[in-house]
Amino acid sequence: MSRGTMTALGVLGVTATLALGFAVAGLASSEGVSGTFAGTTESTTESTTESTTENQPPSVSRSTLSARAEVPKPTGVKAGAGGTFTLSVTKTNGKYVATFKLTFRQLTGKAVVAHIHKGKPGKAGPVLVALCGPCRSGVTGKRTLSKAVNTAIEGGGTYVNIHTAKNAAGEIRGQVK
């Protein structure tokens with residue numbers, strides 16, 4: 001095999017490897033594991049620098065989502081629209097790993113995206129964690145949280161909401177408790 005052929009094959013191999021890497025990164029990003037949303041950097045991929053080998057039992061949070069809790073008030077919401085959210089956070093080797101399940105019903109349209117936001121009841125706040133987009137009821141997933149995001153969740157300073165095309169700011173919402 002000539003040196004020119006070997007060089008061409010080497011370049012082709014590097015190009016294929018890079019393309020595969022970008023495809024895998026794109027899949028991870030589409031799952032909401034990392035990246036940005038509306039110009040806000042998500043903190044779901046951060047890990048703490050805390051050094052510990054202690055594993056702690058999971059903390060479990062639940063939320064009931066409704067249209068009346070959403071800020072600003074959504075329009076055209078169907079009677080019976082609502083949902084549930086369950087979040088279990090486990091601290092293992094200094095990392096906070098969150099496992100969640102999100103269900104919903106009777107929205108005005110397809111669930112475009114769902115997030116955990118920072119905010120007290122009655123106040124809208126920035127996105128902390130992307131959960132899904134587009135979403136289907138019964139979606140489950142895992143995210144790595146920063147220590148700051150975990151502290152906000154444990155302190156009751158977060159809420160989960162689901163956005164639809166008709167209610168882009170959010171259609172149903174519930175405080176994470």
Side-chain angles (χ1 to χ4, degrees), residues 22-47 58-90 95-146 148-150 152-177:
F22 286 128
V24 170
L27 286 173
S29 179
S30 71
E31 292 293 322
V33 175
S34 65
T36 61
F37 180 79
T40 304
T41 303
E42 296 174 16
S43 19
T44 58
T45 58
E46 296 176 17
S47 64
S59 64
V60 179
S61 303
R62 291 180 175 78
S63 182
T64 300
L65 286 70
S66 70
R68 70 180 163 273
E70 189 61 74
V71 175
K73 293 292 179 196
T75 59
V77 179
K78 300 174 184 177
T84 60
F85 178 69
T86 305
L87 180 72
S88 175
V89 179
T90 306
K95 293 184 180 182
Y96 298 92
V97 178
T99 304
F100 70 89
K101 182 174 184 177
L102 177 65
T103 64
F104 50 89
R105 64 191 175 285
Q106 298 181 342
L107 301 179
T108 59
K110 292 183 179 183
V112 176
V113 68
H115 305 111
I116 297 175
H117 293 257
K118 183 175 183 178
K120 297 287 183 184
K123 303 288 183 187
V127 172
L128 296 177
V129 181
L131 299 173
C132 55
C135 305
R136 60 175 171 64
S137 185
V139 66
T140 60
K142 284 188 178 187
R143 302 290 182 269
T144 301
L145 308 176
S146 69
V149 169
N150 185 64
I153 290 170
E154 286 182 348
T158 61
Y159 64 92
V160 64
N161 73 347
I162 300 175
H163 306 259
T164 62
K166 187 169 187 167
N167 291 291
E171 186 160 320
I172 58 175
R173 167 184 169 157
Q175 274 319 107
V176 179
K177 301 174 187 171

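What you see is a predicted model, and the numbers here were worked out from it, not measured in a lab.
Between His163 and His117, the ring planes are tilted. Angles from 30° to 60° get that label.
Closest of all the heavy-atom pairs between Val113 and Cys132 is CG2-O, 3.1 Å. For the residue pair Leu131 and Phe100, the shortest heavy atom distance occurs at O-CZ, 3.5 Å. Scanning all heavy atoms of the two residues, the minimum distance from Ser146 to Val149 falls at OG-N, 3.1 Å.
Under a 3.5 Å cut-off, the side chain of Lys177 and the backbone N or O of Ser61 do not form any donor-acceptor pair.
No side-chain heavy atom of Lys110 sits less than 4.5 Å from a side-chain heavy atom of Pro134. Contact of the Leu65 side chain with the Val160 side chain is registered, since non-hydrogen atoms from C-beta on lie closer than 4.5 Å.
In this structure, the side-chain hydrogen bond (donor to acceptor under 3.5 Å, both in side chains) partners of Thr103, at least two apart in sequence or on a different chain, are Thr84. Residues passing the side-chain hydrogen bond (donor to acceptor under 3.5 Å, both in side chains) test with Thr64: none are found, sequence neighbours excluded. The side-chain contact (heavy atoms from CB on, under 4.5 Å) search around Ala111 returns Phe104, Leu107, Cys135, Ile162, not counting sequence neighbours. Partners of Arg62 according to the side-chain contact (heavy atoms from CB on, under 4.5 Å) rule, which considers only residues two or more places apart in sequence or in another chain, are Val60, Thr86.
Atom NZ in Lys101 sits 14.0 Å away from atom CG in Leu87 (nearest 0.5 Å). Atom NZ of Lys142 is separated from atom OG1 of Thr90 by 8.0 Å, given to the nearest 0.5 angstrom.
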Could you list the donor-acceptor pairs under 3.5 angstrom formed between side-chain atoms of residues 164-176 and any protein atom two or more places apart in sequence or on another chain?
from: Thr164; atom 1: OG1; to: Thr108; atom 2: OG1; distance (Å): 3.4
from: Thr164; atom 1: OG1; to: Asn167; atom 2: N; distance (Å): 3.1
from: Thr164; atom 1: OG1; to: Glu171; atom 2: OE1; distance (Å): 2.5
from: Asn167; atom 1: OD1; to: Thr75; atom 2: N; distance (Å): 2.7
from: Asn167; atom 1: ND2; to: Thr75; atom 2: O; distance (Å): 3.1
from: Asn167; atom 1: ND2; to: Glu171; atom 2: OE1; distance (Å): 3.1
from: Glu171; atom 1: OE1; to: Thr108; atom 2: OG1; distance (Å): 2.6
from: Glu171; atom 1: OE2; to: Thr108; atom 2: N; distance (Å): 2.7
from: Glu171; atom 1: OE2; to: Thr108; atom 2: OG1; distance (Å): 3.4
from: Arg173; atom 1: NH1; to: Lys123; atom 2: O; distance (Å): 3.0
from: Arg173; atom 1: NH2; to: Lys120; atom 2: O; distance (Å): 3.0
from: Arg173; atom 1: NH2; to: Lys123; atom 2: O; distance (Å): 3.0
from: Arg173; atom 1: NH2; to: Gln175; atom 2: OE1; distance (Å): 3.1
from: Gln175; atom 1: NE2; to: Gly119; atom 2: O; distance (Å): 3.1
from: Gln175; atom 1: NE2; to: Gly156; atom 2: O; distance (Å): 3.4
from: Gln175; atom 1: NE2; to: Thr158; atom 2: O; distance (Å): 3.0

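Arg68 CZ: 12 or fewer foreign heavy atoms inside a 6.0 Å radius.
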